[in-house]
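In this text the structure is predicted, and so the values were computed from the model without any measurement. Residues: numbered from 1 along the sequence shown. Just so it is clear, the values below take in all heavy atoms, side chains as well, and ignore hydrogens, waters and symmetry mates.
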Amino acid sequence: MEFVQLQINYLDWDSNAVQSAKCYEVAKKHGKPVIVMEPVKGGTLAEVPENVEKLFKDYDAELSVPSWAIRFAASLDNVMMVLSGMSTMEQVQDNTSYMENFVPLTEEEKELVHKAGEMINKNVVIPCTGCSYCTEGCPQHIAIPKYFSLYNAEMQEIKGKLWTPQGEYYDNLTKNFGKASECIGCGQCENVCPQHLPIIENLKEVADYFEE
């Protein structure tokens with residue numbers, strides 16, 4: 001294997017489902033160069049919430065919002081290429097303006113980007129922390145936290161996109177775990193959930209979305 005292609009962006013960096021950081025660390029450990037896909041998460045990180053955009057613009061009004069996402073990925077050690085989808089000449093010019101003579105993120109800028117990710121993730125639909133207490137005793141072997149993480153990521157996508165990776169990730173997970181629709185409503189998960197989430201109802205939402 002000469003290189004590894006991974007989905008890496010600051011929103012999926014600590015995601016329980018995508019696990020960008022963990023996958024990157026494995027590639028780095030084995031000395032395999034990384035080609036980054038989805039650095040702007042299909043455009044999601046180009047149209048961030050107003051408070052996140054203000055955070056970036058207050059720091060440097062000249063830098064575009066998507067530039068932060070691409071520079072985050074490109075600043076990682078062992079990254080040999082960042083694949084950025086562009087559909088207009090303006091986007092091409094924006095990308096080349098900071099990638100032609102690339103300058104990695106400073107430590108202060110890295111902190112800013114991670115703060116932006118935290119701000120975006122605060123608006124998650126299902127506030128699951130991924131502790132996995134719910135999965136040990138699940139009689140249907142359902143990957144509850146992973147499904148919730150995928151659903152949250154899907155809800156953060158730009159509306160109207162023709163394809164997103166979350167559905168494919170969900171299908172792959174169901175090859176080894178029970179589907180969300182296979183929940184029998186025993187309540188074991190809700191009894192041990194530290195966040196007191198309505199897991200049974202949440203699983204119905206996930207099933208309705210990904211399995212329809």
Side-chain angles (χ1 to χ4, degrees), residues 1 4-30 32 34 36-38 41-42 44-45 49 72-73 76 78 110-111 113-157 161 163-212:
M1 187 181 294
V4 180
Q5 182 168 312
L6 298 173
Q7 175 170 323
I8 294 179
N9 57 70
Y10 67 79
L11 198 58
D12 290 329
W13 189 245
D14 294 316
S15 164
N16 186 49
V18 181
Q19 298 186 342
S20 288
K22 290 182 179 180
C23 292
Y24 164 75
E25 289 299 334
V26 171
K28 184 179 177 181
K29 176 183 176 182
H30 293 282
K32 300 301 178 184
V34 174
V36 175
M37 61 178 282
E38 296 284 339
K41 200 171 172 63
T44 298
L45 298 180
F72 168 79
L76 296 169
N78 214 42
K110 289 177 183 177
E111 291 179 9
V113 168
H114 284 300
K115 182 178 180 180
E118 291 173 1
M119 291 167 68
I120 296 172
N121 281 322
K122 280 183 179 179
N123 298 319
V124 296
V125 181
I126 303 174
C128 171
T129 61
C131 70
S132 294
Y133 293 160
C134 57
T135 57
E136 283 189 23
C138 177
Q140 300 300 91
H141 193 46
I142 299 172
I144 299 169
K146 293 181 185 294
Y147 292 167
F148 287 172
S149 181
L150 287 176
Y151 184 69
N152 284 332
E154 182 71 9
M155 294 301 103
Q156 291 172 337
E157 295 279 8
K161 287 175 65 174
W163 179 87
T164 64
Q166 282 77 232
E168 193 169 323
Y169 293 155
Y170 178 82
D171 289 341
N172 286 335
L173 282 170
T174 59
K175 294 174 182 176
N176 297 307
F177 298 95
K179 295 181 179 180
S181 61
E182 293 173 350
C183 171
I184 59 175
C186 68
Q188 180 275 337
C189 55
E190 295 187 356
N191 290 334
V192 297
C193 177
Q195 310 302 320
H196 307 291
L197 299 177
I199 296 175
I200 296 171
E201 288 303 314
N202 289 155
L203 284 174
K204 290 179 181 178
E205 291 180 40
V206 172
D208 287 344
Y209 189 88
F210 286 121
E211 298 178 31
E212 66 179 3

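When all heavy atoms are compared, the tightest approach of F177 to A143 is CG-CB, 3.7 Å. Considering all non-hydrogen atoms of both residues, V34 and A27 come closest at CG2-CB, 3.7 Å. Nearest heavy-atom pair across C193 and I199 is CB-CD1, 4.0 Å. Heavy-atom minimum distance, L45 versus I120: CD2-CD1, 4.0 Å. Across every non-hydrogen atom of V36 and A73, the tightest pair is CG1-CB, 3.9 Å. Heavy atoms only, all atoms of each residue included: E211 and S181 are closest at OE1-OG, 2.5 Å.
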Apply salt bridge (charged side-chain N to carboxylate O under 4.0 Å, His left out) to the pair K22 and E25, showing each step before the final yes or no. CA-CA 5 Å; K22 290 182 179 180; E25 289 299 334; over 6 Å; no
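Using a cutoff of 4.0 Å between basic side-chain nitrogens and carboxylate oxygens, E118 and K115 are not scored as salt-bridged.
In this structure, SG in C186 is found 7.0 Å from CD1 in I200, a value given to the nearest 0.5 Å. Separation of atoms NZ (K146) and OG1 (T174) is listed at 13.5 Å; rounding is to 0.5 Å. Summarising the geometry, atom CG belonging to N78 is positioned 14.0 Å from atom NZ belonging to K29; distances are rounded to the nearest 0.5 Å. Taking CG of L203 as the reference point, atom SG of C183 lies at 5.0 Å (rounded to 0.5 Å). Rounded to the nearest 0.5 angstrom, K41 NZ and S15 OG are separated by 7.0 Å. I142 contributes atom CD1, which lies 7.5 Å from atom OH of Y147 (distance to the nearest 0.5 angstrom).
The main-chain N or O of G187 is never found under 3.5 Å from a side-chain atom of E190 such that the two would form a donor-acceptor pair. The backbone N or O of I184 sits nowhere less than 3.5 Å from a side-chain atom of Q140 that would complete a donor-acceptor pair. Remark: side-chain polar atoms of N152 are paired, donor with acceptor, to backbone N or O of F148 under 3.5 angstrom.
Looking only at side-chain heavy atoms (C-beta outward), W13 and L76 come within less than 4.5 Å of each other. Taking 4.5 Å as the limit, every side-chain heavy atom of S149 sits out of range of all side-chain heavy atoms of C128. The shortest distance between side-chain heavy atoms of L150 and F210 falls below 4.5 Å. At a threshold of 4.5 Å between non-hydrogen side-chain atoms, the residues F72 and N9 do not count as touching.
In the model, Q7 has a side-chain atom that pairs as donor or acceptor with a side-chain atom of Y169 under 3.5 Å.
Within a 6.0 Å radius of OH in Y133, no more than 12 heavy atoms belonging to other residues, nucleotides or ligands are found.
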